[in-house]
Enquirer: 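Below are the structure tokens for one structure; questions will follow.
As a basis for the values below, the full set of heavy atoms in this structure was taken, side chains included, without hydrogen atoms, waters or symmetry mates. In what follows, residues are counted from 1 in the order of the sequence shown.
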Amino acid sequence: DLVKSHLMYAVREEVEVLKEQIKELVERNSLLERENALLKSLSNNDQLSQLPAQQANPGSTSQQQAMIAQPPQPTQPPQQPNVSSA
């Protein structure tokens with residue numbers, strides 16, 4: 001009985017931790033989706049048409065993505081701090 005109650009307590013504690021992590025991930029996902037929508041709205045069609053070609057050639061993507069991401073940065077909303085509890 002003691003072992004069972006200890007295990008149940010440990011499981012409940014772990015469930016609470018996982019619920020908190022899920023909540024944080026949902027918030028982060030929402031933030032990234034908003035940021036993605038903002039970047040799409042600020043980029044032009046030429047930049048968007050380059051994305052599939054970049055995905056096929058991973059060696060050059062980081063430099064090209066940096067060039068695409070730089071112009072809209074001043075207009076981005078401030079990012080929320082990433083708080084994680086492990």
Side-chain angles (χ1 to χ4, degrees):
D1 239 12
L2 183 60
V3 172
K4 181 180 176 183
S5 64
H6 177 70
L7 286 174
M8 290 298 291
Y9 176 77
V11 167
R12 285 189 193 110
E13 206 170 280
E14 186 67 20
V15 166
E16 291 302 316
V17 169
L18 292 173
K19 282 182 182 179
E20 186 64 29
Q21 287 178 345
I22 289 170
K23 180 181 170 188
E24 291 171 3
L25 290 171
V26 166
E27 291 172 0
R28 175 135 175 85
N29 186 41
S30 176
L31 175 67
L32 291 173
E33 285 178 349
R34 286 194 307 264
E35 183 179 344
N36 189 27
L38 174 65
L39 291 173
K40 281 183 180 179
S41 70
L42 294 174
S43 65
N44 61 33
N45 288 335
D46 291 339
Q47 292 171 328
L48 291 176
S49 67
Q50 292 175 0
L51 289 178
Q54 290 175 5
Q55 291 171 354
N57 186 3
S60 63
T61 46
S62 59
Q63 183 181 6
Q64 291 172 348
Q65 285 174 347
M67 289 174 17
I68 290 172
Q70 283 175 352
Q73 282 178 351
T75 60
Q76 287 181 0
Q79 297 223 349
Q80 298 174 353
N82 186 12
V83 179
S84 64
S85 62

Enquirer: Could you give the distance from CG (Asp1) to NE2 (His6), rounded to the nearest 0.5 Å?
Expert: 14.0 Å
Enquirer: side-chain contact (heavy atoms from CB on, under 4.5 Å), that's the test. Do Arg12 and Val15 meet it? Break it down for me.
Expert: CA-CA 5 Å; Arg12 285 189 193 110; Val15 166; 5.6 Å; no
Enquirer: Rounded to the nearest 0.5 Å, how far does CD of Glu35 lie from CZ of Arg28?
Expert: 8.0 Å
Enquirer: Could you work out, with side-chain hydrogen bond (donor to acceptor under 3.5 Å, both in side chains) as the rule, every residue matching Glu13, not counting sequence neighbours?
Expert: Tyr9
Enquirer: Let me confirm one number: the CD-CG distance from Glu33 to Leu38, rounded to the nearest 0.5 Å.
Expert: 13.5 Å
Enquirer: Mind checking the CG-CG spacing from Asn36 to Leu31? Nearest 0.5 Å is all I need.
Expert: 11.0 Å
Enquirer: Is there a side-chain contact (heavy atoms from CB on, under 4.5 Å) between Leu25 and Asn29 once you walk through the steps?
Expert: CA-CA 6 Å; Leu25 290 171; Asn29 186 41; over 6 Å; no
Enquirer: How long is the straight-line distance from NZ of Lys23 back to CD of Glu27, given to the nearest 0.5 Å?
Expert: 5.5 Å
